[in-house]
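What follows is a single structure, written as structure tokens, with notes after it.
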Protein chains: 2
Amino acid sequence: MITKRSSRPLTLRDVSEASGVSEMTVSRVLRNRGDVSAATREKVLTAARTLGYVPNKIAGGLASQRVNLVAVVIPSLSNMVFPDVLGGVSSELDDTGLQPVVGVTHYSPSREDAVLYDMLSWRPSGVILAGLEHSQAARAMLENVGLPVVEIMDVDGEPIDTAVGISHRRAGSEMAEGILAAGYRRIGFIGTHMPEDHRARKRLAGFEDRLTEAGVTLAAREYYQGGSSLGKGRELTERILTREPDLDFLYFSNDMIGAGGLLWCLEKGYDIPGKLGLAGFNGVDLLDGLPMRLATTDARRVDIGRRAARIVSGKEARPESGVIALSPTIIPGDTIRKP
Amino acid sequence: MITKRSSRPLTLRDVSEASGVSEMTVSRVLRNRGDVSAATREKVLTAARTLGYVPNKIAGGLASQRVNLVAVVIPSLSNMVFPDVLGGVSSELDDTGLQPVVGVTHYSPSREDAVLYDMLSWRPSGVILAGLEHSQAARAMLENVGLPVVEIMDVDGEPIDTAVGISHRRAGSEMAEGILAAGYRRIGFIGTHMPEDHRARKRLAGFEDRLTEAGVTLAAREYYQGGSSLGKGRELTERILTREPDLDFLYFSNDMIGAGGLLWCLEKGYDIPGKLGLAGFNGVDLLDGLPMRLATTDARRVDIGRRAARIVSGKEARPESGVIALSPTIIPGDTIRKP
DNA sequence: CGAAATCATGTTACCGTTACCAACCTTTCA
DNA sequence: TGAAAGGTTGGTAACGGTAACATGATTTCG
């Protein structure tokens, strides 16, 4: 490998001259497309390697009108959930020549618009984005872009093109079902106050609806702002139980604060799940290993990422209905009484 | 916003025709570059919005020979550490017009080569990549690419261009120092068995060197494969303490397994930090809220991301030496005796 | 054995944008 | 008032590849 301190960046022309064939032939060799004799191929490859040539995808993309990028737009990277989704996307894209490009919106609709605009300006082959709620501008962009668009995580709503996710209403409802079946009746809820977290909102709605059907009302709620952590979970759990000491169940909007609550309750000597039951949401496996396994709902994050990637890559056909609803699976853990 | 179901994608020409000016002028308006009269600007902007035009960065990048992308190459997204770094990078890049593009290597050198090659083929404005150890091919690519290249996390070695990070040798050494100062002498180590995790290796080397200086030898080690979780931490802690019951300190290679170990020890009734001390590494704040605060070293992840981003964006000059060494900060927590 | 098929390579015309320079139109000011 | 200066706009030629077609060489096969 000659380390050529070149001022001018290398182009196909350089490789072409170095190997004595046309640029077109070099291009064919480097992309493994079309017929090229073994001898020529070898010459070209050697020349390319020697020079240290790296193809220019900007030029290639412009010429071919195809770009092997998939835009992935998600609200956050700071909790565990979206990295898991990304993992699913990435693993499924690995053998397709497609590459994910991630944009983060921080749960802000205007950032989402900006990020989408930016992503689309790269003319990707597909778009995967979290949620079904988007600004009018975003919907317009996506409806007319003429690409596979997969909205992930949530299926409670009308997709622009295709949706892959779980029904958060159902997840909430089924958890309520399980809690009621175990005989708990004085139920409290602890969650983030984020108007833009539509999935948390729908989960709570599904949860409360099921309670209402059973003639039960949520006995207390506690909201917090900002990120979720064990400490936040402790703090809110203490607060809600101080305010409403006779609660017999706490439903947390995610596993992290649920785990914090669990630790606090164990320290205080609460009888779990006997006198007090707990449940979270997500199914974060990092937390296996707490003194008790927190009841939770597996949100199918990796599967969602995989299926979405399969659809944008064309491995899997878009379903007629446009919706792929995975089943949120309740993991009972040790913090709900056996019914 | 007219939703034009166009077959042919929109180009500058469409906007130019719709607004009655040249493509060049439209381009100027859309980029805020050069002088354009207010009236023209308004006309163009209206036309662009009406049509729903999104600029084509592929074409723009080719023409201008500039691409507002920064390649970020990291080993993993599945633990907390790299998302934190990314957060730092992203926040610092926000106001620069530069956009991070992430590639994940899964700690595989050959994947790193492939990811780098792929990234460079997009002709980014800069490269940020984890670690100082790279294949010969990767080094060659990066040395000749003529871009800012920032290697992050680690400063124990020779950077290709610039390095921003902490000395893991020093981090290990200082933790050893603190442990010795607190009077612990029978010290065990628990870490991943990953030959490619050079930083963990250097940390341990620094740790052992300091112990050796003090005439102390590592009394036991336990290695594991695969991801870190609370459960893994428990399992390994149990194993090492069963094998070597008289250990008085456990040094974990990260906070997650450290926390698992801590939980296990607390359950078993170990006197912490009296009879047994514990320490991890990273300074993961998600874990604040455990029954005790685990001693750890803040690896300065967010700062590292920020400084790296500042350098590739030109906000901050590359230091003469090529190295920015941040100080790993020990957070004593509650699991080391006060000396 | 000659026409057709196939293989291996080259030629030409873009892809959609921006850099550069020229042209024109105002305004300024000696 | 006329030349210089500055603001505003447009024409043209890249940027570095790839698609599509053309060409010449070689093979296939009735």
Side-chain angles (χ1 to χ4, degrees), chain A residues 6-45 47-48 51 53-69 97 118 120-125 145-146, chain B residues 6-45 47-48 51-69 97 118 120-125 145:
Chain A
S6 60
S7 51
R8 192 179 39 71
L10 292 168
T11 72
L12 269 192
R13 153 151 260 111
D14 297 290
V15 183
S16 133
E17 284 169 359
S19 56
V21 300
S22 71
E23 303 172 36
M24 195 59 233
T25 300
V26 175
S27 170
R28 276 193 275 253
V29 171
L30 263 23
R31 287 177 301 145
N32 283 321
R33 209 171 301 280
D35 299 308
V36 181
S37 73
T40 308
R41 152 167 284 109
E42 212 43 55
K43 256 192 316 191
V44 169
L45 250 23
L51 294 172
Y53 173 72
V54 178
N56 184 331
K57 287 203 178 163
I58 300 282
L62 182 60
S64 66
Q65 303 283 69
R66 271 179 289 94
V67 171
N68 64 343
L69 254 26
D118 227 68
L120 292 183
S121 74
W122 288 107
R123 302 290 188 267
S125 306
V145 71
Chain B
S6 59
S7 49
R8 190 181 39 74
L10 291 168
T11 72
L12 271 190
R13 151 150 262 111
D14 297 290
V15 183
S16 133
E17 284 169 359
S19 54
V21 299
S22 73
E23 303 172 38
M24 197 56 237
T25 299
V26 176
S27 171
R28 275 194 275 255
V29 171
L30 264 22
R31 287 176 300 145
N32 283 320
R33 211 172 302 279
D35 299 308
V36 181
S37 72
T40 309
R41 154 165 284 108
E42 212 41 58
K43 256 193 317 193
V44 170
L45 251 22
L51 294 172
Y53 172 73
V54 178
N56 184 331
K57 287 201 178 165
I58 299 285
L62 182 60
S64 66
Q65 302 284 71
R66 272 181 286 95
V67 170
N68 64 344
L69 255 27
D118 227 68
L120 292 184
S121 74
W122 288 106
R123 302 290 189 269
S125 306
V145 71

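All values below were derived from every heavy atom in this structure, side-chain atoms included, with hydrogens, water molecules and symmetry-related copies excluded. So you know, we letter chains A, B, ... as the sequences are listed, proteins then strands, and number each from 1.
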Under 4.0 Å between any heavy atoms, over every strand shown, what does A/Arg41 touch: base, sugar-phosphate, or nothing? Just pick one. nothing
Any base atoms under 4.0 Å from B/Asn56, or only sugar-phosphate, or nothing? Heavy atoms, all strands. sugar-phosphate
[X] side chain N/O closer than 4.0 Å to the phosphate oxygens (OP1, OP2) of [N]?
| X | N | result |
| --- | --- | --- |
| A/Arg66 | C/dC15 | no |
| B/Thr11 | C/dG16 | no |
| B/Ser37 | D/dG7 | no |
| A/Arg28 | C/dG10 | no |
| B/Ser64 | C/dT18 | no |
| A/Ser22 | C/dT9 | no |
| A/Arg31 | D/dA19 | yes |

In a check of side-chain contact (heavy atoms from CB on, under 4.5 Å) between A/Tyr53 and each of A/Asp14, A/Val44, A/Val15, which one passes? A/Val15
Backbone N/O of [Y] and side chain of [X]: donor-acceptor pair under 3.5 Å:
| X | Y | value |
| --- | --- | --- |
| B/Ser19 | B/Ala47 | no |
| B/Thr40 | B/Val36 | no |
| A/Ser125 | A/Val67 | yes |

Would you mind reading off the distance between [X] atom [atom1] and [N] atom [atom2], rounded to a whole angstrom?
| X | N | atom1 | atom2 | result |
| --- | --- | --- | --- | --- |
| B/Tyr53 | C/dT17 | OH | C1' | 8 Å |
| B/Glu23 | C/dT17 | CD | P | 8 Å |
| B/Glu17 | C/dG16 | CD | P | 13 Å |
| A/Arg13 | D/dA14 | CZ | C1' | 14 Å |
| A/Leu62 | D/dG17 | CG | C1' | 8 Å |
| A/Glu42 | C/dA8 | CD | C1' | 17 Å |
| A/Asp35 | D/dT27 | CG | P | 14 Å |
| B/Gln65 | D/dG17 | CD | C1' | 12 Å |

Out of [options], whichever nucleotide has its closest atom nearest the side chain of [X]:
| X | options | answer |
| --- | --- | --- |
| A/Thr40 | D/dG10, D/dG17, C/dT9 | C/dT9 |
| B/Val21 | C/dA19, D/dG10, D/dT8 | D/dG10 |
| B/Met24 | D/dG11, C/dT9, D/dG16 | D/dG11 |

Apply the test side chain to side chain contact (heavy atoms under 4.5 Å, CB included) to residues A/Asn32 and A/Arg41: give CA-CA distance (whole Å), side-chain angles for both, the deciding distance (0.1 Å), then the verdict. CA-CA 9 Å; A/Asn32 283 321; A/Arg41 152 167 284 109; 3.4 Å; yes
Do A/Arg123 side-chain and C/dG16 base share a donor-acceptor contact under 3.5 Å? no
Distance check, rounded to the nearest 0.5 Å: B/Asn56 atom CG versus B/Leu12 atom CG? 9.0 Å
